[in-house]
Asks: 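Here it is, the structure, as structure tokens.
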Number of protein chains: 2
Amino acid sequence: MILDILEGNTTHPSANDIHKTVVTKYPTTSFSTVYNTLEMLTNVGELDKICILGNVIKYEPNTDPHAHLLCKKCNRIIDIFEPYYAKPSIRKIKQFPHTIEKVQEFLYCTCASCLKGRQGKKLA
Amino acid sequence: MILDILEGNTTHPSANDIHKTVVTKYPTTSFSTVYNTLEMLTNVGELDKICILGNVIKYEPNTDPHAHLLCKKCNRIIDIFEPYYAKPSIRKIKQFPHTIEKVQEFLYCTCASCLKGRQGKKLA
DNA sequence: TTGTAAATAAGAATCATTGCCAATTATGTT
DNA sequence: AACATAATTGGCAATGATTCTTATTTACAA
Ligand SMILES: [Mn+2]
Ligand SMILES: [Mn+2]
Ligand SMILES: [Zn+2]
Ligand SMILES: [Zn+2]
């Protein structure tokens, strides 16, 4: 069920978010099981973790390379698949001539909605 | 003194690291003061915060744009100033045609030392 | 059916960070 | 100097996400 929740989900939910959804169908599910399952799915490569500046860890079902746009005003996280940012994992660095396994790119800005003054409630 | 500790420091120390150094000279310094000072210095643009996958927040005195190479084996964080990664803040994205204020790029790999099997103790 | 291994739930423990407030220190004014 | 007032600080409690522990339940196989 946790995989189903995350499949196609672009909201980057936290363990708490996922737990809230799981308990609607399996009310006794514990945080341990949610964390254990998310850890296992991460280890087998189904999920990525992303962590923005000391906040909670978010779980990312989309393991295709993409960047994240972070709105300081509303805390929303928006996927960015612009070609400019795509496929960074094949890059090499001269000083460290070995392959980079994973790249995370976070772009801080004020999102389009917030710029127009029509953002919703600030997310946790 | 906190600014002095961080000036030219490329180890990306945590609040705890900084506190440990401060108390050698000012033994009564509290965590509150360390955190408050770091927050203030961040707000005035002297420092950046970086947070790697749910670990503690590290403080970055070098606000020039650069990426961070993260070794999964030894947890070391290495600055990358390769031209490829430099000056990302001037980029714009078509979908969100406003300026991006800050970019953080984290590159996960096994560092050169660890590849050669001569890495030191794994850092916290 | 019975024994064993794996998965789970419940809650305690951890620990970085924040919040609170009284005590201390700095600053400015008679 | 003496006082009033504002800002900073230190100590410690509170918070909250994550991890750990352990007993219980479930799955599986002999
Ligand atoms: Mn994403
Ligand atoms: Mn750096
Ligand atoms: Zn926004
Ligand atoms: Zn290493």
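Keep in mind that the numbers below use all heavy atoms, side chains included, and drop hydrogens, waters and symmetry copies. If you're wondering where the values come from, they're calculated on a predicted model, not measured in any experiment.
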Asks: In the hydrophobic clustering that connects Ile, Leu, Val, Met, Phe, Trp and Tyr at side-chain heavy-atom distances below 4.5 Å, which members other than B:V23 occupy its cluster, ordered by chain and number?
Replies: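 Members alongside B:V23: none; it stands by itself.
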
Asks: Expressed in angstrom and rounded to an integer, what is the separation of B:E39 atom CD from C:dA16 atom P?
Replies: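 Atom CD in B:E39 sits about 17 Å away from atom P in C:dA16.
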
Asks: By side-chain contact (heavy atoms from CB on, under 4.5 Å), which residues pair with B:S30, not counting sequence neighbours?
Replies: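 Once residues adjacent in sequence are excluded, the partners of B:S30 under the side-chain contact (heavy atoms from CB on, under 4.5 Å) criterion are B:S32, B:T33.
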
Asks: For A:H19 and C:dA10, give me the distance from atom NE2 to atom P, rounded to whole Å.
Replies: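 Going from A:H19 (NE2) to C:dA10 (P), I get 9 Å.
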
Asks: Output all residues satisfying ring pair (Phe, Tyr, Trp, His ring centres under 6.0 Å) with A:H12, sequence neighbours left out; order by chain, then residue number.
Replies: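 A:H12: ring pair (Phe, Tyr, Trp, His ring centres under 6.0 Å) contacts with A:H68.
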
Asks: Just to confirm, is there a sub-4.0 Å distance from OP1 or OP2 of C:dT18 to any side-chain nitrogen or oxygen of B:Y35?
Replies: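 No, B:Y35 has no side-chain N/O under 4.0 Å of OP1/OP2 on C:dT18.
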
Asks: Atom CD1 of A:I50 and atom P of D:dT18: how far apart are they, to the nearest Å?
Replies: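 The distance from CD1 of A:I50 to P of D:dT18 comes to 13 Å, rounded to the nearest Å.
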
Asks: With a cutoff of under 4.5 Å between side-chain heavy atoms, which Ile, Leu, Val, Met, Phe, Trp and Tyr residues group with A:F31?
Replies: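 Its cluster mates, by chain and number, are A:M1, A:I2, A:L3, A:I5, A:L6, A:I18, A:V22, A:Y26, A:V34, A:Y35, A:L38, A:M40, A:L41, A:L47, A:I57, A:Y59.
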
Asks: Just the table, please: protein N/O against nucleotides 22-24 of chain C N/O, every pair under 3.5 Å.
Replies:
none

Asks: Within this structure, what is the OG1-NZ distance for the pair A:T63 and A:K102, rounded to the nearest 0.5 Å?
Replies: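 The OG1 atom of A:T63 sits 10.0 Å away from the NZ atom of A:K102.
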
Asks: Whole-Å distance between D:dT18 C1' and B:I52 CD1?
Replies: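 Going from CD1 in B:I52 over to C1' in D:dT18 covers 18 Å.
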
Asks: Roughly how many Å is it from CD1 in A:I57 to P in D:dT18, rounded to a whole number?
Replies: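 One finds 5 Å between P of D:dT18 and CD1 of A:I57, rounded.
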
Asks: Expressed as a whole number of angstroms, how long is the span from B:D17:CG to C:dT17:P?
Replies: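 Whole-Å distance recorded here is 10 Å.
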
Asks: Report, one pair per line, the protein and nucleotides 8-12 of chain D atoms (nitrogen or oxygen only) whose separation is under 3.5 Å.
Replies:
| from | atom 1 | to | atom 2 | distance (Å) |
| --- | --- | --- | --- | --- |
| D:dG10 | OP1 | B:T28 | OG1 | 3.2 |
| D:dG10 | OP2 | B:S30 | N | 3.2 |
| D:dG10 | OP2 | B:T33 | OG1 | 2.8 |
| D:dG10 | O5' | B:T28 | O | 3.3 |
| D:dG10 | N7 | B:S30 | OG | 3.3 |
| D:dG11 | OP2 | B:T28 | O | 3.2 |
| D:dG11 | O6 | B:S32 | OG | 2.6 |
| D:dC12 | N4 | B:S32 | OG | 3.3 |

Asks: Enumerate the salt bridge (charged side-chain N to carboxylate O under 4.0 Å, His left out) contacts for residues 4-16 of chain B, please, sequence neighbours excluded, ordered by first and then second residue.
Replies: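 Of all non-adjacent pairs touching residues 4-16 of chain B, none passes salt bridge (charged side-chain N to carboxylate O under 4.0 Å, His left out).
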
Asks: For a side-chain contact (heavy atoms from CB on, under 4.5 Å) check, start with the C-alpha distance between B:T110 and A:E101, then their side-chain angles and the critical distance, and finish with the verdict.
Replies: CA-CA 8 Å; B:T110 305; A:E101 295 157 21; 3.5 Å; yes

Asks: Starting at CG of B:N43 and ending at C1' of C:dT18, how long is that distance when rounded to a whole Å?
Replies: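 The distance from CG of B:N43 to C1' of C:dT18 comes to 15 Å, rounded to the nearest Å.
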
Asks: State which residues pass side-chain contact (heavy atoms from CB on, under 4.5 Å) with A:T11; sequence neighbours excluded, sorted by chain then number.
Replies: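 By the side-chain contact (heavy atoms from CB on, under 4.5 Å) rule, A:T11 matches A:N9, A:P13.
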
Asks: Among pairs that include at least one residue of residues 22-42 of chain B, which meet salt bridge (charged side-chain N to carboxylate O under 4.0 Å, His left out), considering only residues two or more places apart or in two chains?
Replies: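 Counting only pairs at least two positions apart or across chains, the salt bridge (charged side-chain N to carboxylate O under 4.0 Å, His left out) contacts touching residues 22-42 of chain B are B:E39-B:K49.
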
Asks: From CE of A:M40 over to C1' of D:dT19, roughly how many Å is that when rounded to an integer?
Replies: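 Those two atoms, CE and C1', are 17 Å apart.
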
